[in-house]
Each structure stands twice: as structure tokens, then as C-alpha cells.
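None of these values were measured; they are calculated from a predicted model.
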Amino acid sequence: ETIYLQSGKLLYEIDIEYPQITGSTNPAAEKFNQQAKALVTNEVRSFKAYVVERAAELEELETKTGSDLGIGYTVAIARDDLISIDFGIGGYYRGAAHPNSHSRVLNFDLKSGKPLRLADLFQPNARYLQTISEYCMKDLQKQSKAKENILDDASIKEGAGPNPKNYQSWTITKQGLGVNFDAYQVGPYVAGPQFVLVPYAAIKDLIKPDGPLASFL
């Protein structure tokens with residue numbers, strides 16, 4: 001679905017797209033639809049709250065450039081039992097130095113009718129976070145070297161270390177787990193967001209045998 005909103009008084013525009021499953025007899029499809037809509041609705045609510053809160057302050061700015069929010073999405077995988085969506089969220093707050101962006105994801109098990117956590121993919125007590133983190137840090141260092149060392153090792157260690165907060169934005173693909181690192185997370189703003197594809201071969205010994213990733217091995 002696509003939604004476009006505009007406010008002349010507050011000087012903002014909102015343009016969003018989000019996925020919805022149609023024509024399915026699976027009750028879990030409607031649960032997915034609700035989750036997808038709620039995700040973008042929360043982003044819109046936060047954006048509008050910020051604009052309204054700063055309305056008086058923003059009116060005094062000389063610039064006529066307004067605030068804007070855009071949300072799009074990419075389908076990482078879509079099957080009868082599993083769907084993985086990568087939302088790209090970008091925008092600009094009036095008066096800011098530069099635009100901002102971040103990612104959100106929705107990984108949904110259409111068999112259980114519930115969103116997936118990263119832990120749901122792996123065997124109990126598996127050190128999956130450490131394994132994924134080690135792979136990502138090495139890959140980010142390799143990517144950085146190819147781009148004139150645009151990412152520093154300290155930022156990579158902080159933003160891609162084995163901390164659950166660093167691994168909230170991931171998707172399931174046919175080739176492996178896709179991990180998003182938003183701007184500022186593992187380097188300066190100028191470096192932009194980063195992405196690492198963790199091949200299933202690197203985590204195959206940790207994957208839950210009867211879990212969502214089993215069929216990819």
C-alpha cells in the first residue's frame with residue numbers, strides 16, 4: 001500500500017509504501033499485514049511528533065525547505081512459510097545539517113504467525129551472535145580497505161561487536177543472512193550505511209535443524 005500525506009502549515013511531506021499479503025487463506029497473513037502497517041505507522045507517528053514538538057522553533061528558520069519522510073521496502077524473501085522485508089527509512093528534518101536514514105526489518109514466520117527473532121534461527125545456547133559478529137567485522141574491514149579505509153577499526157568493533165543492539169536489522173535471503181549497519185553505526189556519516197551478507201556456510205553448524213533456515217542449507 002502507498003500513503004502520501006502533506007502539511008502546508010507544518011511544512012512536511014510523508015510518502016510511504018509498505019507490503020500487504022492479499023488473496024491468502026492463511027490467517028497468519030493478516031497478522032503479517034498488521035505488523036507491517038504498525039511498523040510504518042510508528043515511524044510516521046515519531047516523525048510527526050518531532051515536527052509538531054519543534055513547530056515554533058522551526059517557524060523562525062529562514063529556510064523554506066520543509067521536513068520530509070520517505071519509507072520504501074525490499075522483499076528479501078517471500079515464501080508460503082516465511083517472509084523477510086527490509087524497510088528503508090529516510091528523510092530530512094527542517095534545519096538539519098543533512099538528511100538522515102535508518103533501516104527496519106520484519107521477518108515473519110507464516111507457520112506460527114509470529115515475527116522472528118534472531119535467536120529463533122539457531123540452536124539453543126549456540127554462540128550465534130559471536131560467530132556472526134566475527135564474520136561481519138572481518139567483512140567490514142575488508143570493505144573498508146577497498147574504499148580507502150573509510151571505516152575505522154574502533155567504530156567497527158563498537159558497532160558490529162557481539163552486542164544484540166548491533167544486530168536488530170537483518171533479513172533472510174537465499175544466499176545468507178543480510179545484516180544492515182545504519183549510518184554512524186560502524187563509521188562516519190560520510191561512509192553511509194553498510195551491508196554484510198553472512199553466507200549460511202559460515203553459520204551452518206549453529207542453525208536450528210527444524211528452524212526457518214534449515215531449508216537453505
Side-chain angles (χ1 to χ4, degrees), residues 35 39-40 42-47 49-50 67-77 84-93 96-108 115-123 125-207 212-213 216:
Q35 290 277 329
L39 187 151
V40 297
N42 287 337
E43 292 290 335
V44 170
R45 184 181 295 115
S46 296
F47 171 82
Y50 182 87
S67 303
D68 63 79
L69 173 69
I71 303 177
Y73 68 91
T74 301
V75 179
I77 202 161
S84 180
I85 306 293
D86 188 359
F87 291 88
I89 302 162
Y92 175 76
Y93 287 114
H98 50 68
N100 58 83
S101 67
H102 64 281
S103 62
R104 292 286 302 278
V105 297
L106 177 56
N107 299 291
F108 200 85
L116 288 167
R117 302 170 304 159
L118 192 57
D120 295 331
L121 310 180
F122 302 98
Q123 300 174 37
N125 302 317
R127 293 173 59 84
Y128 65 90
L129 199 57
Q130 287 77 6
T131 302
I132 293 173
S133 172
E134 288 175 8
Y135 186 94
C136 286
M137 286 193 288
K138 289 180 181 178
D139 192 85
L140 288 168
Q141 289 169 342
K142 183 179 178 180
Q143 291 188 46
S144 178
K145 188 175 181 180
K147 301 174 184 176
E148 300 181 347
N149 296 312
I150 197 167
L151 309 175
D152 63 277
D153 287 347
S155 294
I156 291 174
K157 186 175 181 180
E158 174 68 21
N163 188 324
K165 72 179 180 65
N166 291 335
Y167 292 91
Q168 299 294 314
S169 184
W170 52 272
T171 54
I172 297 170
T173 77
K174 291 181 180 179
Q175 293 77 30
L177 282 183
V179 183
N180 296 312
F181 297 96
D182 291 338
Y184 289 119
Q185 186 173 344
V186 291
Y189 174 81
V190 67
Q194 306 295 315
F195 175 81
V196 175
L197 180 67
V198 182
Y200 292 126
I203 53 177
K204 59 182 176 60
D205 294 336
L206 307 176
I207 289 174
L213 301 185
F216 295 104

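Residues Tyr50 and Ser67 have side chains not in contact (no heavy-atom distance under 4.5 Å, counting atoms from C-beta outward). Within the 4.5 Å cutoff, no side-chain heavy atoms of Thr173 are placed close to those of Ser84. You'll find the side chain of Leu116 stays beyond 4.5 Å of the side chain of Phe108, heavy atoms only. The shortest side-chain heavy-atom distance between Pro193 and Asn180 does not fall under the 4.5 Å cut-off.
Closest approach of Pro162 and Gln130 over heavy atoms only: CB-CA, 4.2 Å. Looking at every heavy atom in both residues, Ala160 comes nearest to Asn166 through N-ND2, 3.8 Å. Scanning both residues, Val186 and Gly159, for their nearest heavy atoms gives CG1-C, 3.8 Å. Taking every heavy atom of both residues into account, Tyr200 and Leu177 meet most closely at CE2-N, 4.0 Å. Shortest non-hydrogen contact noted between Leu106 and Phe87 is CB-CE1, 4.0 Å. When all heavy atoms of Ile85 and Val75 are compared, the closest pair comes out as CD1-CG2, 3.8 Å.
Put simply, OH on Tyr92 and CG on Asn100 are 10.0 Å apart, with the number rounded to the nearest 0.5 Å. The distance from the CD atom of Gln168 to the OG atom of Ser103 is 10.5 Å, given to the nearest 0.5 Å. Taken from CD1 in Ile89 to OG in Ser101, the straight-line distance is 9.5 Å, to the nearest 0.5 Å. One finds the CZ atom of Arg104 at 7.0 Å from the CG atom of Asn42 (value rounded to the nearest 0.5 Å). To the nearest 0.5 angstrom, Phe216 atom CZ is 6.5 Å from Ile172 atom CD1. Taken to the nearest 0.5 Å, the CG atom of Leu206 stands 10.5 Å off from the OH atom of Tyr128.
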| message | Run Glu43 and His102 through side chain to side chain donor-acceptor pair (under 3.5 Å) and show every step you take. | response | CA-CA 11 Å; Glu43 292 290 335; His102 64 281; 3.1 Å; yes
| Stepwise, does the side chain to side chain contact (heavy atoms under 4.5 Å, CB included) test hold for Phe122 with Ile203? | CA-CA 9 Å; Phe122 302 98; Ile203 53 177; 4.0 Å; yes
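Relative ring orientation between Tyr184 and Tyr189 is described as tilted, the plane-to-plane angle lying within the 30° to 60° band.
Between the side chain of Asp86 and the backbone N or O of Ala76, no donor-acceptor pair lies under 3.5 Å.
Listed by first then second residue, pairs satisfying side-chain hydrogen bond (donor to acceptor under 3.5 Å, both in side chains) with a partner in residues 140-150 read Asp139-Gln143, not counting sequence neighbours. Residue pairs meeting the side-chain hydrogen bond (donor to acceptor under 3.5 Å, both in side chains) criterion with at least one member in residues 154-164, sequence neighbours excluded: Asp152-Ser155.
Every residue meeting the salt bridge (charged side-chain N to carboxylate O under 4.0 Å, His left out) condition with Arg117, not counting sequence neighbours, appears here in chain and number order: Asp120. Under the side chain to side chain donor-acceptor pair (under 3.5 Å) criterion, Thr131 pairs with no residue, sequence neighbours left out. For Asp153, there are no side chain to side chain donor-acceptor pair (under 3.5 Å) partners two or more places apart in sequence or in a different chain. Residues meeting the ring-ring contact (aromatic ring centres under 6.0 Å, His included) test with Tyr135, sequence neighbours left out: none.
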